Amino acid sequence: MNKTAIITGSSRGIGRAVAKRLAREGYNICINFVERQDKAEELLKELKGGGCSAVMCRADVGNRDQVNAMVGEAVKSLGPVTLLVNNAGVAGQALFQDVTDELWDKYFSTNLNGARNTIQAVLPGMLERKSGCIINISSIWGLHGASCEVTYSCTKHALIGLTRSLAMELAPSNIRVNCVAPGVINTDMVQVLGKDVLKELAEQTPLSRLGTPEDIANAVNFLASEEASFITGQVLVSDGGFVN
Ligand code: NDP
């Protein structure tokens with residue numbers, strides 16, 4: 001059976017690990033990036049070298065036309081999209097009184113509208129086939145409050161609302177929608193915090209380490225698999241026990 005996955009924001013970090021893991025599971029892979037073409041090309045070469053059918057598409061997920069073009073290219077080159085992983089995201093710290101309209105709109109455009117755009121682009125095909133799987137990458141800050149991360153936290157809470165509601169709407173069409181909520185994962189995104197803060201965060205984590213992109217790829221792979229075929233509308237937290 002054809003298995004094709006689009007993973008948004010898969011040039012780096014969590015998305016890249018998800019793409020590699022799903023390639024090992026036999027998926028055709030559409031790599032998405034917005035700036036780091038070099039990293040996307042590197043991954044494309046690696047996946048193809050391992051025998052995977054893969055393409056890469058530059059698309060700002062917040063831009064509907066670019067997303068539609070990416071999905072069209074993936075379908076044409078790889079076949080019907082059976083799995084969508086909404087991973088592309090931006091984050092940062094700011095006091096709420098300093099949050100500008102531009103910053104607010106950028107976070108919502110990428111983290112939330114991005115998921116809306118990609119889901120609406122793949123949905124007609126999934127509905128026609130009465131089958132599909134959608135996994136949104138939220139955050140533990142989508143379940144809990146985070147000082148100085150109000151905007152980010154709002155977008156990640158909204159992704160969980162999207163997941164739970166859409167799961168109900170699409171279940172009769174045999175399309176599952178789930179969420180993964182990572183804790184602190186050691187990627188480019190968290191490097192701004194600095195070495196000392198990251199060390200403290202690892203110490204505060206009951207499992208005594210930061211998460212790896214591969215930890216999240218494992219959670220995504222489980223939710224995408226047949227073993228999760230009775231699971232929809234759920235949030236799988238992978239955070240080493242950081243919050244409870
Ligand atoms: P990184 O910053 O390491 O990578 C971000 C990825 O998203 C890159 O591939 C980047 O592409 C892509 N991207 C950013 N903006 C856009 C856009 N507008 N359109 C398309 N792609 C875009 O982030 P992480 O891997 O750490 O995070 C991935 C997801 O996991 C995010 O949604 C994040 O919120 C979530 N998350 C991360 C946590 C962490 O601790 N790291 C914790 C909880 C959740 P390019 O390379 O081209 O710039």
Side-chain angles (χ1 to χ4, degrees), residues 1-10 14-15 18-33 44 47-48 50-88 112-138 159-180 216-236:
M1 194 193 86
N2 164 69
K3 299 199 291 185
T4 293
I6 295 179
I7 305 106
T8 66
S10 40
I14 292 170
V18 170
K20 285 162 89 162
R21 179 61 204 263
L22 293 174
R24 286 214 313 271
E25 300 295 325
Y27 281 85
N28 308 322
I29 300 290
C30 175
I31 302 163
N32 161 246
F33 70 101
L44 183 71
L47 295 186
K48 283 187 161 176
C52 171
S53 296
V55 293
M56 56 180 249
C57 294
R58 180 199 296 273
D60 175 351
V61 290
N63 181 310
R64 191 185 287 279
D65 291 341
Q66 292 180 23
V67 166
N68 287 343
M70 171 176 71
V71 171
E73 172 63 29
V75 171
K76 188 165 76 113
S77 306
L78 304 173
V81 179
T82 56
L83 169 63
L84 169 66
V85 183
N86 281 312
N87 165 80
L112 185 62
N113 299 355
R116 176 202 62 190
N117 293 341
T118 50
I119 293 169
Q120 287 184 333
V122 301
L123 210 43
M126 287 186 175
L127 286 168
E128 199 180 299
R129 294 188 305 279
K130 282 201 171 298
S131 134
C133 182
I134 297 167
I135 299 171
N136 298 317
I137 307 298
S138 178
L159 265 181
I160 289 176
L162 173 77
T163 301
R164 289 181 171 144
S165 300
L166 197 59
M168 298 300 98
E169 191 171 314
L170 297 180
S173 302
N174 191 35
I175 298 166
R176 297 186 299 112
V177 189
N178 288 292
C179 218
V180 176
I216 306 309
N218 288 338
V220 168
N221 182 53
F222 166 66
L223 287 173
S225 75
E226 265 305 298
E227 290 177 2
S229 64
F230 200 48
I231 300 177
T232 196
Q234 298 305 306
V235 182
L236 177 54

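Being a predicted model, the structure only gives us computed values, none of them experimental.
Looking at heavy atoms from C-beta onward, I216 lies in side-chain contact with V180 at the 4.5 angstrom threshold. A 4.5 Å side-chain heavy-atom check between L78 and V55 finds at least one atom pair inside the cut-off.
Across P124 and A121, no two heavy atoms sit closer than the pair CD-O, 3.7 Å. When all heavy atoms of Y27 and A5 are compared, the pair lying nearest together is CD2-CB, 3.7 Å. For the residue pair P172 and K130, the shortest heavy atom distance occurs at O-NZ, 4.2 Å. Of all heavy-atom pairs between G15 and I7, the closest is O-CG2, 3.7 Å. When all heavy atoms of M126 and G132 are compared, the pair lying nearest together is SD-CA, 3.9 Å. The two residues A54 and K48 make their nearest non-hydrogen contact at O-CE, 3.3 Å.
With K3 contributing its side chain and V81 its backbone, the two residues share no donor-acceptor pair below 3.5 Å. A donor-acceptor contact shorter than 3.5 Å links the side chain of R176 to the backbone of L223. N178 contributes a side-chain N or O that, together with a main-chain N or O of G233, makes up a donor-acceptor pair within less than 3.5 Å. Between the side chain of S225 and the main chain of E227, a donor-acceptor pair closer than 3.5 Å is present. A donor-acceptor pair under 3.5 Å is absent between the side-chain atoms of S77 and the main chain of A74, judged by distance alone. Between the T8 side chain and the A88 main chain, a donor and an acceptor come within less than 3.5 Å of each other. Within the 3.5 Å criterion, the main-chain N or O of G125 finds a donor-acceptor partner in the side chain of R129. Using a distance-only test at 3.5 Å, with no hydrogens or angles considered, a donor-acceptor pair links the side chain of N32 to the main chain of A59. Looking only at distances, no side-chain donor or acceptor of N136 sits under 3.5 Å from a matching main-chain atom of S138. Remark: side-chain polar atoms of T232 are paired, donor with acceptor, to backbone N or O of V177 under 3.5 angstrom.
Remark: L170 CG to L166 CG distance equals 4.0 Å, nearest 0.5 Å. The distance from atom CZ of R24 to atom CG of L47, rounded to the nearest 0.5 Å, is 11.0 Å. Here the CD1 atom belonging to I134 is positioned 11.5 Å from the SG atom belonging to C179, to the nearest 0.5 angstrom. For the atom pair CD of E73 and CE of M56, the computed distance is 11.0 Å after rounding to the nearest 0.5 Å. One finds the CE atom of M70 at 10.0 Å from the CG atom of D60 (value rounded to the nearest 0.5 Å). In this structure, CD1 on I6 lies 12.5 Å from CG on L22, to the nearest 0.5 angstrom.
For the residue pair Q120 and R64, a side-chain donor N or O sits within less than 3.5 Å of a side-chain acceptor on the partner. E169 and S165 share no side-chain donor-acceptor pair at under 3.5 Å. One side chain, N28 or N2, offers a donor N or O that lies under 3.5 Å from an acceptor on the other.
Each of V122, I29, T4, I135 was scored for a side-chain contact (heavy atoms from CB on, under 4.5 Å) with L83, with one residue passing: I135. When N87, V220, N221 are each tested for a side-chain contact (heavy atoms from CB on, under 4.5 Å) with V18, only one passes: V220.
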